[in-house]
Undergrad: 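Attaching a single structure in structure tokens format; questions to follow.
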Amino acid sequence: MPFGVVPDTVRAMPEPVVSVDALTKRFGDLVAVDDLTFHLDAGTVTGFLGPNGAGKTTTLRILLGLAAPTSGTAHVFGGRYGQLADPMRRIGAVLEANDFHPGRKGRDHLRALAYATGIPTARVDEVLRLVELESAARRRVKAYSLGMRQRLALAAALLGDPELLVLDEPANGLDPEGVRWLRDFLRAFAADGKTVFVSSHVLAEVAQTVDRVVIINRGRLVTESPLEELTARVAGAVHVRTPQRAELEGVLHAAGLQTTALDGTELLVAGAQAATIGELAARAGVTVYELVQESTSLEDVFLDLTSETHT
């Protein structure tokens, strides 16, 4: 191999879009964020989840340079937000959907932002089309519904055609059609190789939108995982129907599994996949009529991981 040529196998991996490392933020005696570490890669939609007061908004504020960490780092594109040469063209953010002058028209609000940041005003009409707010563009913001304000805030975040979107509760105030539109928009945004980091408490919607989750509780990381892997790992209980309930209970208890008798022929088994239970029953010669794995939702996983038993 020629001198100075680095083999493909040892070349550095692409740098994460977001890198949060050992991040801690204290407000007096209150620890809002506690030694938090996670990373986001390009082309992903990541849900940032946690109970109220978990430290999500504080983390986002530090990431966007609106608050300083007590210790640790929160970097975007390899450095602090304040070090970016042209931040609006790299990151679009919506932390609150009420940062508007109520007497200003929606289109004028965007034109003022574009002018202040050196973005061509032609981009204003493009983002209004993107968020489907063209018909209300010349109305004053004070007449906007909460959902319309959310769309206007997203339009402002998109002005610079950013590589990363950071959104805090973007579905607030949207009707079902608007929520579906937002879901499709965020997926399409990431499909272009861009990145979305979205904080939300609407878990059912998050489950249909994101491909990864970062869950925190009391400022600390609970888990960082692909959504599919997480829900598969925290499997639901298995409903079993057998004419030999007592025999099967003995086999499962010997294997360290918990069972709940539902009636003379039915059991609920926790802590195992249906295939495992079927194999144990077959080896013991126990007849099984039915094995049904109960589905596990993101809400189930979230409540389990953030319960008192996990803190």
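Note that these values count all heavy atoms, side chains included, but never hydrogens, waters or copies made by symmetry. A quick note: this is a predicted structure, and the numbers were derived from the prediction, not measured.
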Undergrad: A side-chain contact here means heavy atoms from C-beta on lying under 4.5 Å apart; do Leu257 and Leu280 qualify?
TA: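 A side-chain contact exists here, since the closest heavy-atom pair is under 4.5 Å.
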Undergrad: Between Lys194 and Asp161, does any NZ, NE, NH1 or NH2 come within less than 4.0 Å of an OD or OE carboxylate oxygen?
TA: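 A salt bridge is present here (some side-chain N lies under 4.0 Å from a carboxylate O).
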Undergrad: Is the shortest side-chain heavy-atom distance between Arg149 and Val141 below 4.5 Å?
TA: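 In short, these two side chains touch, coming nearer than 4.5 Å.
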Undergrad: Looking at Phe100 versus Tyr144, is the centre-to-centre ring distance below 6.0 Å?
TA: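 No, too far apart.
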Undergrad: Please examine the side chains of Ile119 and Arg89, heavy atoms only from C-beta on, and report whether any two atoms are closer than 4.5 Å.
TA: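 Yes, close enough: below the 4.5 Å cut-off.
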Undergrad: Could you check whether Asp108 pairs with Arg138 (Lys NZ or Arg NE/NH1/NH2 to Asp/Glu carboxylate O, under 4.0 Å)?
TA: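 The answer is no: the pair does not qualify as a salt bridge.
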Undergrad: Could Arg129 and Glu126 be called an ion pair, given the rule that one side-chain N must be under 4.0 Å from one carboxylate O?
TA: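 No salt bridge links Arg129 with Glu126.
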Undergrad: If we count only N and O atoms by modelled type, under 3.5 Å, do the side chains of Ser199 and Asp168 hold a donor and an acceptor together?
TA: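 There is such a pair between these side chains.
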Undergrad: Got a second to check how far Phe185's CZ is from Leu165's CG, nearest 0.5 Å?
TA: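 With rounding to 0.5 Å, CZ (Phe185) is 6.5 Å from CG (Leu165).
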Undergrad: Side-chain contact test, heavy atoms from C-beta onward, threshold under 4.5 Å: evaluate it for Asp86 versus Thr117 and give yes or no.
TA: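 No, side chains not in contact.
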Undergrad: I'd like to know if the side chain of Gln150 reaches the main chain of Glu169, judged simply by a donor and an acceptor atom lying under 3.5 Å from each other, with no hydrogens or angles considered.
TA: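 Yes; judged by distance alone, with no hydrogens or angles, the pair exists.
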Undergrad: Looking at side-chain heavy atoms only, is the closest gap between Pro51 and Asn217 below 4.5 Å?
TA: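 SC-SC contact between Pro51 and Asn217 confirmed.
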Undergrad: Going by salt bridge (Lys or Arg N to Asp or Glu O under 4.0 Å), name the pairs with one or both residues in residues 207-217, residues two or more places apart or in two chains.
TA: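 Only Arg212-Glu224 qualify under salt bridge (Lys or Arg N to Asp or Glu O under 4.0 Å).
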